[in-house]
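Heads up, the thing below is written out as structure tokens.
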Amino acid sequence: MSKQIVLTGIKPTGVPHLGNFLGAIKPAIELANMPEYEARYFIADYHSLNSIRDPEVLKEYTYEVAASWLACGLDPSKALIYRQSDIPETFELTTILMAFTAKGLMNRAHAYKAQVDVNNEKKNPPDHGINMGLYTYPVLMAADILLFDSNLVPVGRDQKQHIEMAQDIAEAINHNYGKPLLTIPEPRINEETETVTGLDGRKMSKSYGNTITLFLPEKKLKKTINKIVTNSQALEEPKDPETCSVFALYKLFATKEEQDKLATVYRAGGMGWGFAKNELFEKINEVLTPIRTRYEELMADKSVIDNILLEGSAKARILAAEKIKVLRNAMGFRV
Ligand code: TRP
């Protein structure tokens, strides 16, 4: 059987946090390392243009996100890594898809609707502050996916609707031309993001401001972990590991034996929160130290990242050009 194509886009929004690491980066790297998949992971920088208008910030975020994935173990010999903005075929396909995308479909997009809701609440006109980039965001995303005949698209739950829209648009085109010009992609939801607990006990998310960023220097990491909200039980009281945010995070990094050991200390009483937090710090620091070192090396000499991204886009463009040719031909354009 030929390999399944797995593709995902990473929006450059700065250094990822532990939730991104466990929920998105690690599983995507595991897929890339499996022989039955061919992985294509790109930096969705044009998607960021809707909100990031400072060129230096956009550049820096792009490097940060590329360095993060590489430091976490993404291997450019196993996955195609490129910048969306280096693949102009994406934008030609976007124009094609626009012609087959019902305006009503875009009206139903959660991200757009959420903005309209905010405007209604604030008694602004409904489309206040909404640009066409945001409104048509799902079409650009569909182009990213369909350009490479992706079979599987690993994303967070919030992106599921966008994949379904890509399916709808692709089906409209296949139906019109009476042949499977475009591959219908399937979402693969990263469940673990749901379960990574943030500093305040809610799901870890940038929008809640409760994250632990991946490459914090040791001292800052320790300080951040000390901010995890715990209950006000006294030192001598036995504590329940199952309802504790510190323990919830510990579980994600420690072995079963280590977890059992710490759980016993919790239940025995006589353990203060400072102790539990220190155990967590030691564990996370042990996992993150080699990654942090690699990240710092990559950020110190960006030419390594530049070369990887350029090589990736050169290869990706060959595939993209072939796809566009097939589409142009089927649609009656000169090829
Ligand atoms: N919209 C995605 C996000 O915000 C990023 C993205 C852009 C993407 N294009 C994509 C994800 C294509 C998967 C496939 O996370």
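Order of appearance sets the numbers: ligands from 1, and atoms from 1 within every ligand. If you're wondering where the values come from, they're calculated on a predicted model, not measured in any experiment.
- Every residue two or more places apart in sequence or in another chain that forms a side chain to side chain contact (heavy atoms under 4.5 Å, CB included) with Ser303 is listed here: Asp301.
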In a table with atom names and distances, give each donor-acceptor pair under 3.5 Å that connects a side chain of residues 214-224 to protein atoms at least two apart or in another chain.
unit_1, atom_1, unit_2, atom_2, d
Glu218, OE2, Asn285, ND2, 3.2
Lys222, NZ, Asn278, OD1, 2.7
Thr224, OG1, Lys220, O, 2.7

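- Using modelled atom types, one finds a donor on one side chain and an acceptor on the other under 3.5 Å when comparing Asp144 with Gln84.
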Table please: side-chain donor-acceptor pairs of residues 95-105 below 3.5 Å, with sequence neighbours left out.
unit_1, atom_1, unit_2, atom_2, d
Thr95, OG1, Phe91, O, 3.3
Thr101, OG1, Leu97, O, 2.7

For ligand 1, what N or O to protein N or O distances fall under 3.5 Å?
unit_1, atom_1, unit_2, atom_2, d
ligand 1, 1 (N), Tyr137, OH, 2.6
ligand 1, 1 (N), Gln159, OE1, 2.8
ligand 1, 4 (O), Tyr137, OH, 3.1
ligand 1, 4 (O), Gln159, NE2, 3.4
ligand 1, 9 (N), Asp144, OD2, 2.8

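- Put simply, the residue from Met271, Glu279, Lys239 that forms a side chain to side chain contact (heavy atoms under 4.5 Å, CB included) with Val265 is Met271.
- A cation-pi arrangement is present between Lys302 and Tyr63 under the rule of less than 6.0 angstrom and at most 45 degrees off the ring axis.
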